[in-house]
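Below is one structure, written out as structure tokens; the observations come after it.
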Amino acid sequence: MSNGFDDIPFFDEEPAPRNRPERPEQGTPAPAPMGGIAARAMAARDVGRRPDYLSGLNPEQRDAVETIDGPVLVLAGAGTGKTRVLTTRIAHILASAKAFPSQILAVTFTNKAAREMKERVGVLVGGAVEGMPWMGTFHSIGVKLLRRHAELCGLRSAFTILDTDDVVRLIKQLIQAEGIDDKRWPAKQFAQMIDGWKNKGFGPADIPEGDARAFANGKGRELYAAYQARLKTLNACDFGDLLLHPIKMFREHPDVLKEYHQKFRYILVDEYQDTNTAQYMWLRLLAQRPKGVPQNVCCVGDDDQSIYGWRGAEVDNILRFEKDFIGAKVIKLERNYRSTEHILGAAAHLIAHNEGRLGKTLFTDRSDPDDRKVQVHAAWDSEEEARAVGEEIEQLQRQKHNLNDMAILVRASFQMREFEDRFVTLGLNYRVIGGPRFYERLEIRDALAYFRLVCQDADDLAFERIVNTPKRGLGDTTIRALHDYARARDVPMLAAAADMIETDELKAKARKSLFDVVTNFHRWQGLLENTPHTELAEIILEESGYTDMWKNDKSAEAPGRLENLKELIRSMEQFESMRGFLEHIALVMDAETNENLDAVSIMTLHSAKGLEFETVFLPGWEEGLFPHQRALDEGGRSGLEEERRLAYVGLTRAKRRCHIWFVSNRRIHGLWQSTLPSRFLDELPVTHVDVAETEQSYGGYNRGGYGQSRFDKQEPFTNSYSTPGWKRAQANRTEATRDNWGNRSGVSIERIGYGESGPKARTIDGELVAKSKIDEPSKFAVGDRVFHIKFGNGNIVGIEGNKLTIDFDRAGQKKVLDGFVERV
DNA sequence: ACTAAGATAGTTTTT
DNA sequence: CTATCTTAGT
């Protein structure tokens, strides 16, 4: 290691902010306290040993930690210690004294990831982590930049951050104001379009002509511009602006950008595969350096876990890292510390079906004869699926496994319900992750609207939300009048209200009500500076009559809502001011879960990313659901590949046990649909996957199709296959388990090298856990009259291997497996 | 201004 | 089927 003490910074070049925020930034100028690890690290160096925090890292991890100068891309597979590398790297930078804590920019996507990073860095470096104000999400760092330089972006520092709900309401107003039919052109859809544009870094002038024409008969661009103008008058931002405004500012004010170049000596990015174009642009701007100056950027990501393409994430960002950052070092982390070799083998084999990946192969030293293969189960319908999963969980529970160590990961949230229902009847504790959130509840949003308006009187959306809540007799007519007046004079609605109560414009009753509202707000605004914010919050909710409204409400949920309001006030205590609290709310919309309760987690595959469980259940592996039909329709091959990555994410969440389920019948949109097993099942390797025998063999209908070959106990599993693929698998099996990958997973996948021109030919062997029997002649013929247990009688109109297309008398045309029908 | 019946749509989600 | 939103009627 070179002597890093040559360029120890003697002072922290804290830029003199152009617009000082009211609240000084905490802790920035404090020099790095060299306590704890850092001190020990240096002591260790003296005796020629590695610092403590480096021990226990494998060579690749250590490389990723120690290569702190110059661009580094860490390709970190699932469970390879990505967060550890990131946090240790920060500790290492600090220990090397190459930067002050305040000179490190560390970006994550989610608040959760940011929290975890902070926690773990704290363990390594102690209090120094408190001096790292530039560790956070893209958006929270964006807000920080924007509050400092608000004027350069046409805003005032106290600007409001609007959530999606506010945005949609605002756009709806604009659409209606333009005289456009808001039913034909839904505001929600346009909000999504704007979001998409912003993800790509497009302002109204930059959007493609085709996009502009696609909405409201060519008014797309106009509306987008009107929206931005409106945000400006509201002194508000949407989430996209939190990135776009800083980008624009950096481009227009190179001097400001330069300050940050000097400031951020080291930049780290987590989950790089999830960055969208705007985030990428933002990063490029901050990371760029004059020729010869190293760009100390370290991005950590996994192209195989890129599952947010639909939300604007560009996997390309990770693929082109080397081009963008010349001289970049690419380090692959492939040693997995999480899962058994069976789980890893199954996941690796599945993901190998994707093209256009950088190509990593996870491996583990872990090999335990007790490790069970991944289990594939079949069920008749989703009800049976839930029942069987419940039984499996109860059995594990009897074996003293914690429910906290188990998770059910579904593709779509409607799948959750069946499990919830089942667990309620079983009395099994469960927790749903990612459901409706605390801050999205009606009463919370109402209360927040009051607070927002007190803090920022230009917040018309907040005004409109609560002006007649509780009921004050201020209906549509009054609001429209206020709205028109405000727009005509270009003043906020609260100010408009203050004006209008002086006139005879309104009816006496409305005028009186409005007068009360306005004087209340003026009084509360006066209290803002000198009253403790929790106290002020209580005053507002009391005096506005909002709490009374719920006290007088006799409905069942009213007491709960009052409880939530109390909870809201309680949670405010942790913040120093009402503004600080509101900012937190806008950015951190998540509520904490009760960790004390032992409960099974139910969540979507998307929200499971980054988590791990001893036992994972993956229900619903059926064509149309997973891969989802819409992903296929709209995303084509790349859509399918993203679905496959999602499957990969699901499998790699499991540490020891993994159960996959598919059903033959699922109720979609109220009616029963016959479903086919997911193609992903076909893509699993036999060496690591078992088809589980179910006592109830397919809900009691043990015949034909998947049922016949896989659940018929008379015939041993290994004999029931006769397809070429299976034979190939058989032949390869011995070889595959004792392959030349040493102690790596037994899957025989050729390694795909990074930096070569695309993936090489792969040999994907040993598949066929659930291969469709396309080669076998069907025992049915077109025109046959058949009976199906769920759909009744029908005629066969098409045959494709073991998949029959049947025109049912009652249920219409459906595709079903031949095992489920009988000739009549 | 509020309630009740009708229409409609229905992946994934963070900030 | 069902949750949510809209509209029509009181």
Side-chain angles (χ1 to χ4, degrees), chain A residues 107-114 136-143 146 161-169 172 182-183 186-189 192 195 198-199 237-244 271 274-276 278-279 282 306-313 382 409-418 421 433-437 439-440 442 468-479 509-510 555 583-590 603-610 620 624-635 639 642-643 645-647 649-650 666-673:
Chain A
V107 218
T108 64
F109 272 84
T110 63
N111 293 297
K112 209 171 118 198
T137 62
F138 276 100
H139 292 86
S140 69
I141 291 168
V143 174
L146 206 43
I161 302 162
L162 302 182
D163 63 30
T164 10
D165 204 74
D166 295 322
V167 168
V168 171
R169 284 194 297 144
K172 192 166 186 172
D182 67 316
K183 284 174 87 175
K188 216 171 163 182
Q189 193 190 324
Q192 276 164 10
D195 197 52
K198 291 192 172 179
N199 285 156
C237 262
D238 62 17
F239 285 117
D241 286 343
L242 298 179
L243 287 163
L244 285 192
E271 304 278 18
D274 288 338
T275 45
N276 61 36
Q279 285 157 336
W282 186 90
S306 159
I307 54 173
Y308 285 111
W310 51 274
R311 193 167 87 180
S382 44
L409 312 182
V410 297
R411 172 66 247 261
S413 39
F414 75 83
Q415 291 172 265
M416 294 179 175
R417 196 180 162 148
E418 220 132 6
D421 286 353
I433 296 176
R437 290 174 230 169
Y439 297 118
E440 281 169 14
L442 178 85
N468 197 32
T469 312
K471 299 278 177 290
R472 300 185 175 98
L474 298 167
D476 269 356
T477 341
T478 318
I479 291 169
K509 220 171 91 188
S555 65
E583 177 154 319
H584 170 87
I585 296 299
L587 293 175
V588 188
M589 291 282 275
D590 59 9
M603 66 185 101
T604 62
L605 286 159
H606 283 93
S607 40
K609 195 171 78 164
L625 176 59
F626 193 34
H628 200 280
Q629 194 56 50
R630 213 145 140 180
L632 263 31
D633 293 346
E634 286 164 24
E642 184 154 311
E643 295 287 290
R645 290 193 289 270
L646 202 49
V649 167
R666 192 173 285 280
R667 199 163 40 186
I668 299 164
H669 303 337
L671 29 110
W672 285 95
Q673 299 273 176

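Letters A, B, ... are given to chains in the order of the sequence lines, protein chains preceding strands, and every chain is numbered from 1.
Under the 3.5 Å distance criterion, the side-chain polar atoms of Asp274(A) are left unmatched by any main-chain donor or acceptor of Ser306(A). Remark: side-chain polar atoms of Glu643(A) are paired, donor with acceptor, to backbone N or O of His628(A) under 3.5 angstrom. Remark: the backbone N or O of Arg411(A) is paired with a side-chain donor or acceptor of Gln415(A) at under 3.5 angstrom. Remark: side-chain polar atoms of His139(A) are not paired, donor with acceptor, to backbone N or O of Leu243(A) under 3.5 angstrom.
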Give each protein N/O atom lying under 3.5 Å from an N/O atom of nucleotides 2-4 of chain B, with the pair distance.
none

Just the atom pairs and distances: protein N or O near nucleotides 7-10 of chain C's N or O, under 3.5 Å.
residue : atom : partner   : partner atom : Å
dT7(C)  : OP1  : Lys183(A) : NZ           : 3.2

Can you give me the N/O atom pairs linking the protein to nucleotides 6-13 of chain B at distances under 3.5 Å, or say none if there are none?
residue : atom : partner   : partner atom : Å
dT11(B) : O4'  : His628(A) : NE2          : 3.3
dT11(B) : O2   : Arg411(A) : NH1          : 2.8
dT11(B) : O2   : Arg411(A) : NH2          : 2.2
dT12(B) : OP1  : Ser413(A) : N            : 2.8
dT12(B) : OP1  : Ser413(A) : OG           : 2.3
dT12(B) : O4'  : Arg411(A) : NH2          : 3.1
dT12(B) : O2   : Trp310(A) : NE1          : 3.4
dT12(B) : O2   : Arg411(A) : NH2          : 2.7
dT13(B) : OP1  : Thr604(A) : OG1          : 2.5

Can you pull every protein N or O that's under 3.5 Å from an N or O on nucleotides 2-5 of chain C?
residue : atom : partner   : partner atom : Å
dA3(C)  : OP1  : Arg417(A) : NH1          : 2.7

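Met416(A) and Thr604(A) get closest at one heavy-atom pair: CE-N, 3.6 Å. The shortest heavy-atom contact between Tyr308(A) and His606(A) is OH-O, 3.3 Å. Phe109(A) and Thr137(A) make their closest contact through O-CG2, 3.6 Å (heavy atoms, listed as atom of the first residue, atom of the second, distance). Nearest heavy-atom pair across Thr108(A) and Ala113(A) is CB-CB, 3.9 Å.
Between Asp166(A) atom CG and dT15(B) atom P the separation is 17 Å, expressed in whole Å. Protein atom CG of Asp163(A) is 10 Å distant from nucleotide atom C1' of dT15(B), rounded to whole Å. One atom, NZ of Lys188(A), and another, P of dT6(C), lie 10 Å apart when rounded to the nearest Å. Between the CG atom of Leu474(A) and the P atom of dA1(B) there is a distance of 8 Å, rounded to whole Å.
Every residue two or more places apart in sequence or in another chain that forms a side chain to side chain contact (heavy atoms under 4.5 Å, CB included) with Pro470(A) is listed here: Tyr450(A), Arg472(A), Tyr546(A), Met549(A). The salt bridge (Lys or Arg N to Asp or Glu O under 4.0 Å) test applied to Arg666(A) returns Glu385(A), Glu622(A), not counting sequence neighbours. Every residue two or more places apart in sequence or in another chain that forms a side chain to side chain donor-acceptor pair (under 3.5 Å) with Ser382(A) is listed here: Glu418(A). Listed by chain and residue number, Leu244(A), Ile247(A), Asn276(A) satisfy the side chain to side chain contact (heavy atoms under 4.5 Å, CB included) test with Ala278(A) (two or more places apart in sequence, or in another chain). Thr110(A) meets the side chain to side chain donor-acceptor pair (under 3.5 Å) test with no other residue; sequence neighbours excluded. By the side chain to side chain contact (heavy atoms under 4.5 Å, CB included) test, Asp421(A) is found to be paired with Arg417(A), residues two or more places apart in sequence or in another chain being considered. Scanning for salt bridge (Lys or Arg N to Asp or Glu O under 4.0 Å) contacts around Asp241(A) gives Lys198(A), with sequence neighbours left out.
Within the model, atoms NZ of Lys188(A) and CZ of Arg169(A) stand 14.0 Å from one another, a figure rounded to the nearest 0.5 Å.
Separating the P atom of dT12(B) from that of dC5(C) is a span of 15 Å, rounded to the nearest Å. Taking atom P in both dT4(C) and dT13(B), one finds a spacing of 15 Å when rounded to whole Å.
Among the atoms of the strands shown, none is found under 4.0 Å from any heavy atom of Gly142(A).
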Subject >> Pairing string, 5' to 3', for DNA chain B - Watson-Crick or wobble contacts under 3.5 Å, brackets [ ] where pairs cross, | to another strand >> reply: ||||||||||.....

